[in-house]
Chemist: 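Take a look at the following structure, please.
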Amino acid sequence: MVKNTKNPTKASILFVCTGNTCRSPMAQFIFAKYASGRDELDVTTASSGIYAKNGTSMSNNAKLALQMLDKDAKQNTKLSKFGSTLFKQEYVDKYDLIVCMTQGHRIAIGEFDNVVLMSQISGGKDVIDPYGGSLEEYLSVAKYIEYACPDIYEKLKCIVIPNN
């Protein structure tokens, strides 16, 4: 396939977890970095939580894990400005793909074609919640998300570029 470098297809993805302070914001930033290095899609990334309180900061260990994975993340002011967002049902129609961290998140949203589990895409397990855990636990989650990025990207590409 020839890469489309002049007019990449617009795509949007939402990552969902419980409180939107750990897993889903890490996925949002990790996937944004991954997708920015690809030519086929112009991807908008976002995250939300099923039980999020709007405006809560990302956990410090989530920020540290992101910085450990990506030296550029230290300079990323988006990390410090991040505020959690409560999931709204209207997001199902707004985003091309919604990636849930656990089966419980997917059940809470409902059965829709564009709502999937990260484990379905990556072939792994539900993404464990590192909330309150050690930096090593956060880093493990971040590495799993990073590992899943190529498969998530391909899934998104298949949705927005049919017959790809």
Side-chain angles (χ1 to χ4, degrees), residues 11-36 38 41 43-70 73 76 78-79 81-160:
S12 60
I13 188 166
L14 178 72
F15 294 94
V16 177
C17 69
T18 305
N20 193 216
T21 60
C22 303
R23 294 170 287 182
S24 59
M26 286 195 299
Q28 174 185 347
F29 285 98
I30 292 167
F31 190 77
K33 174 82 173 183
Y34 178 85
S36 71
R38 308 295 173 274
L41 300 178
V43 181
T44 300
T45 61
S47 63
S48 68
I50 299 297
Y51 299 111
K53 179 181 176 191
N54 287 329
T56 303
S57 297
M58 187 185 316
S59 76
N60 285 333
N61 276 348
K63 289 178 196 175
L64 289 171
L66 288 172
Q67 291 169 358
M68 290 174 77
L69 279 184
D70 178 9
N76 191 338
K78 290 180 184 177
L79 290 180
K81 293 181 179 181
F82 176 85
S84 61
T85 304
L86 178 65
F87 179 83
K88 296 177 184 172
Q89 202 61 39
E90 64 201 46
Y91 292 167
V92 173
D93 294 325
K94 181 178 178 180
Y95 291 94
D96 295 310
L97 183 63
I98 298 174
V99 179
C100 298
M101 300 296 136
T102 69
Q103 180 67 19
H105 302 132
R106 185 163 195 247
I107 289 168
I109 294 171
E111 294 289 324
F112 298 94
D113 290 340
N114 64 329
V115 179
V116 298
L117 289 167
M118 186 176 290
S119 62
Q120 286 176 299
I121 297 170
S122 69
K125 296 179 181 179
D126 277 356
V127 183
I128 62 161
D129 190 353
Y131 183 77
S134 68
L135 178 56
E136 290 75 25
E137 290 171 288
Y138 279 82
L139 190 56
S140 176
V141 168
K143 286 178 179 179
Y144 175 67
I145 293 166
E146 185 177 55
Y147 162 81
C149 282
D151 292 331
I152 295 168
Y153 187 84
E154 288 303 313
K155 175 76 172 173
L156 182 60
K157 198 164 69 169
C158 288
I159 290 170
V160 298

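Computed from a prediction, not measured in an experiment: that's the story for all the values here.
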Chemist: So how far is it from Asp126 CG to Gln103 CD, rounded to the nearest 0.5 Å?
Modeler: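 One finds 7.0 Å between CG of Asp126 and CD of Gln103.
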Chemist: Can you confirm whether Tyr51 is buried at OH, in the sense that more than 12 heavy atoms of other residues, nucleotides or ligands lie under 6.0 Å from that atom?
Modeler: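 No, not enclosed.
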Chemist: To the nearest 0.5 Å, what is the distance between OG (Ser57) and CG (Leu79)?
Modeler: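 Nearest 0.5 Å value for the OG-CG distance: 11.5 Å.
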Chemist: State the NE2-SG distance between His105 and Cys17, to the nearest 0.5 angstrom.
Modeler: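 Output value for this atom pair is 6.0 Å.
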Chemist: Quick one: list whatever passes ring pair (Phe, Tyr, Trp, His ring centres under 6.0 Å) with Tyr138, sequence neighbours left out.
Modeler: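 Ring pair (Phe, Tyr, Trp, His ring centres under 6.0 Å) list for Tyr138, sorted by chain: empty.
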Chemist: What residues form a ring pair (Phe, Tyr, Trp, His ring centres under 6.0 Å) with Tyr34, not counting sequence neighbours?
Modeler: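 By the ring pair (Phe, Tyr, Trp, His ring centres under 6.0 Å) rule, Tyr34 matches Tyr153.
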Chemist: Check whether any side-chain N or O of Asn61 sits under 3.5 Å from a backbone N or O of Gly133 as a donor-acceptor pair, and report yes or no.
Modeler: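 Here the side-chain-to-backbone pair exists.
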Chemist: Check whether the side chains of Tyr144 and Ser122 place a donor and an acceptor atom closer than 3.5 Å, and report yes or no.
Modeler: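 Yes, side-chain donor-acceptor contact under 3.5 Å.
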Chemist: Would you call Arg106 and Glu111 a salt bridge, taking side-chain N to carboxylate O under 4.0 Å as the test?
Modeler: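 So Arg106 pairs with Glu111 through a salt bridge.
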Chemist: Thinking salt bridges, do Lys157 and Glu154 make one under a 4.0 Å N-O criterion?
Modeler: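 Judged by the 4.0 Å cut-off on N to carboxylate O distance, Lys157 and Glu154 do form a salt bridge.
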Chemist: Assess the side chains of Arg23 and Thr18: does a donor N or O sit below 3.5 Å from an acceptor N or O?
Modeler: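 There is such a pair between these side chains.
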Chemist: Return the OG to CD1 distance between Ser47 and Ile13, rounded to the nearest 0.5 Å.
Modeler: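 The OG atom of Ser47 sits 11.0 Å away from the CD1 atom of Ile13.
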Chemist: Ignoring hydrogens and angles, tell me if any N or O in the side chain of Thr21 forms a donor-acceptor pair with the backbone of Met58 under 3.5 Å.
Modeler: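 Answer holds: no.
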Chemist: If you measure from CD on Gln28 to OG1 on Thr85, what distance do you get to the nearest 0.5 Å?
Modeler: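 It comes to 8.0 Å.
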Chemist: Distance check, rounded to the nearest 0.5 Å: Ile109 atom CD1 versus Asn114 atom CG?
Modeler: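 Those atoms lie 9.0 Å apart.
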Chemist: With no hydrogens and no angle check, is any side-chain donor or acceptor of Asp96 less than 3.5 Å from a backbone partner on Leu156?
Modeler: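 A pair under 3.5 Å: no.
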